[in-house]
Amino acid sequence: MGDGVKDILIGRDDGTVEVYGFDSANDPVLRFDHSLTESITSIQGGCVGKEGFDEIVLSTYSGWVSGLTTEPTHREAGPGEELKMSQEMQTKIASLRSELEQLQFKVVQERERYQHSSQSTTAVSAVPVFSINDKFTLNKDDASYSLILEVQMAIDNVLIQSDVPVDLLDVDKNSAVVSFSGCDSEPNGNFLLATYRCQANTTRLELKIRSIEGQYGMLQAYVTPRIQPKTCQVRQYQIKPLSLHQRSHVFDQNRPMNILSLTGQFSFAEIHSWMVFCLPEVPEKPPVGEDVVFYFQNTFLNTQLECSYRKGEGVFKSDNISTISILKDVLSKEATKRKINLNISYDISEESVGHTLKMIHPKLEYQLLLAKKVHLIDALKELQVHEGNTDFLIPEYRCILEEAEKLQEEYKKQPAHLERLYGALLVSFDVTSLYTSINHDRGIASVGKALSNSNFSNESKEFILAAIGQRRGHI
């Protein structure tokens, strides 16, 4: 930046270039940013094109080399310099055009030769080889998965298929046109079938996927680039039973805990493989040592999980009863597949039900209020048109009208958010999980006690009681 202090150059996976400087307190400050359409694989600073001007040179996944320069694009010239600058620029442009024409001619020649050889009677068909740069990562901010697919040539279409229920969310950077096909989940096991048709020269596609804990299976992406002959590659991504959990290094021992204990004739490697199957971010290879402890946090509800296991023994603690229920079901199935007999015991905390409600409460209140505001917008706009102004409205309603566009955009970005909270409540108060050590009436009583001793709004209480009523058959 020319201030005598070295800067930090960052090239990000989403194509963002950032330059950070340092202020007087030696803290990094963003000085410049620029966005490209492809992931950046390498970045370097120096003087490249013009002496005396610092520049940034970077390469992208598909092979493009781009540059950013501090040289002004428009310079004031004196009477005798204008012609000199113009001639210098024209010479440079002519040289670049000549080089580009030569490259284009070579491409045309090679393409004609390939077409001629492919039509020959003695030609052997060869499937074009292309590589895919893909990532499937969990975002802590919105409890969704980002699926990034990048190819070195233009993408024609991407087919997404899943044998478990998932939601596809809108991505601002995604310009592809999506179309959904009808699925029959019973005979074929298809819950999702969607096709993304990409625009010309699209080499990178980013998708957002939201899963449901307890429902696990496989998500598949069929990637077809714009090459001849047509060919496709498939990538598979496992949706794990506790897919919304993320590794953590902090565990609050003061929360009310539900404990699942199991013993049996299984090895350390076997129980570790079960953990790899159940939870993300667990290393494939068993850690060194006789036992291991992992901590996890649920990115959607902010509940936590502790996994402690060794040869022949495993102990799992969580403040969310549904997490324990899911683990019990999955571990039992995995042990049955290997013909291993498990001795399972529980220690269920009644207080954890109320604790889970309190964890859900802020999200529930916010989403109910957001939905209420969005539903009022049309009626308030009609009143505004009828009366000619908004002076007669209370400040709360005037604020809703002023932020109408922002509220509707936020509501659009959170599809089925209330339904997900509803589902979380259904799982948390499921009869099977509560019946393990809490009978039906005691389970209802613990929920009622939690609601009566909290600051839940009436809307939230009705929402929670409706969820329990649907699962129980009565309130």
Side-chain angles (χ1 to χ4, degrees), residues 13-14 135-148 162 164-172 192 206-219 237-258 260 275-283 293-307 316-327 329-330 352-353 355-368 370 410-411 413-428 430 433 467:
D13 186 64
D14 62 355
K135 289 186 178 180
F136 189 62
T137 54
L138 176 62
N139 300 316
K140 185 178 180 180
D141 296 335
D142 58 359
S144 67
Y145 276 88
S146 284
L147 174 59
I148 299 173
S162 174
V164 290
V166 293
D167 295 325
L168 290 178
L169 309 180
D170 291 334
V171 179
D172 293 336
L192 174 69
E206 182 176 351
L207 312 176
K208 272 200 170 184
I209 297 159
R210 187 166 280 163
S211 59
I212 302 170
E213 286 207 330
Q215 304 197 37
Y216 52 97
M218 194 68 68
L219 177 79
Y237 310 96
Q238 188 177 3
I239 306 293
K240 303 195 175 186
L242 295 175
S243 56
L244 299 182
H245 278 69
Q246 193 173 54
R247 279 282 295 276
S248 173
H249 300 286
V250 180
F251 191 80
D252 185 3
Q253 298 286 356
N254 296 321
R255 295 186 184 184
M257 289 295 161
N258 304 287
L260 169 67
M275 291 298 99
V276 172
F277 179 78
C278 288
L279 289 152
E281 300 183 356
V282 178
V293 179
F294 288 124
Y295 299 130
F296 296 88
Q297 185 178 29
N298 187 313
T299 55
F300 184 55
L301 300 177
N302 294 325
T303 56
Q304 57 186 15
L305 169 67
E306 178 190 277
C307 301
F316 307 93
K317 300 178 182 179
S318 176
D319 51 342
N320 188 352
I321 196 170
S322 65
T323 301
I324 295 296
S325 177
I326 292 168
L327 268 176
D329 292 341
V330 176
S352 68
V353 178
H355 169 77
T356 303
L357 282 176
K358 290 178 182 178
M359 299 294 287
I360 294 175
H361 174 230
K363 298 177 182 290
L364 183 58
E365 291 281 344
Y366 181 81
Q367 290 299 323
L368 285 171
L370 177 63
E410 184 178 359
Y411 189 72
K413 287 184 178 180
Q414 298 287 348
H417 205 98
L418 277 174
E419 285 79 357
R420 291 190 75 205
L421 288 169
Y422 196 85
L425 288 167
L426 288 178
V427 175
S428 296
D430 193 283
S433 57

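- Counting only heavy atoms from C-beta outward, the side chains of E213 and N298 approach each other to under 4.5 Å.
- N139 is listed as a side-chain neighbour of D142, based on a closest heavy-atom distance under 4.5 Å.
- Taking CD1 of I212 as the start and CG of D167 as the end, the distance is 6.5 Å to the nearest 0.5 Å.
- The backbone N or O of D13 sits nowhere less than 3.5 Å from a side-chain atom of K135 that would complete a donor-acceptor pair.
- By the side chain to side chain donor-acceptor pair (under 3.5 Å) test, T299 pairs with no residue at all, sequence neighbours left out.
- No side-chain heavy atom of L147 sits under 4.5 Å from any side-chain heavy atom of E206.
- S322 and N320 share a side-chain donor-acceptor pair at under 3.5 Å.
- Residues that satisfy the side chain to side chain contact (heavy atoms under 4.5 Å, CB included) test with Q297, not counting sequence neighbours, are K140, S248, N302.
- Considering only heavy atoms from C-beta on, E306 comes within 4.5 Å of Q253 through its side chain.
- Interatomic distance, L138 CG to S146 OG, rounded to the nearest 0.5 Å: 9.0 Å.
- Between A143 and L244, the shortest heavy-atom contact is O-CD2, 3.6 Å.
- D319 is linked by a side chain to side chain donor-acceptor pair (under 3.5 Å) to R255, H355, counting only residues two or more places apart in sequence or in another chain.
- For V166, the side chain to side chain contact (heavy atoms under 4.5 Å, CB included) partners at least two apart in sequence or on another chain are S162, V164, L192, I209, S211.
- With contacts defined as side-chain heavy-atom distances shorter than 4.5 Å, the pair V171/L207 does not qualify.
- Taken from CZ in F294 to CZ in R247, the straight-line distance is 5.0 Å, to the nearest 0.5 Å.
- Rounding to the nearest 0.5 angstrom, the gap separating the CG atom in N258 from the OG atom in S325 is 10.5 Å.
- Interatomic distance, D252 CG to T303 OG1, rounded to the nearest 0.5 Å: 12.0 Å.
- Partners of D14 by side chain to side chain contact (heavy atoms under 4.5 Å, CB included), not counting sequence neighbours, listed by chain and number: R12, T16, K173, R204.
- Listed for the K240 side chain is a donor-acceptor partner under 3.5 Å among the backbone atoms of L279.
- The ring pair (Phe, Tyr, Trp, His ring centres under 6.0 Å) test applied to F136 returns Y145, Y237, not counting sequence neighbours.
- For the pair L242/F296, no side-chain contact is recorded, criterion being any heavy-atom separation below 4.5 Å from C-beta on.
- Side-chain contact between F300 and H245 is absent, with no heavy atoms from C-beta onward closer than 4.5 Å.
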Report task. Determine, stepwise, if the pair Q304 / S318 fulfils side chain to side chain contact (heavy atoms under 4.5 Å, CB included). Result -> CA-CA 6 Å; Q304 57 186 15; S318 176; 5.9 Å; no

Requested in this report: Run the numbers on V250 and Y295 for side chain to side chain contact (heavy atoms under 4.5 Å, CB included), then give the verdict.
Outcome: CA-CA 7 Å; V250 180; Y295 299 130; over 6 Å; no

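- Separating the CZ atom in F251 from the CG atom in L305 is a distance of 7.0 Å, to the nearest 0.5 Å.
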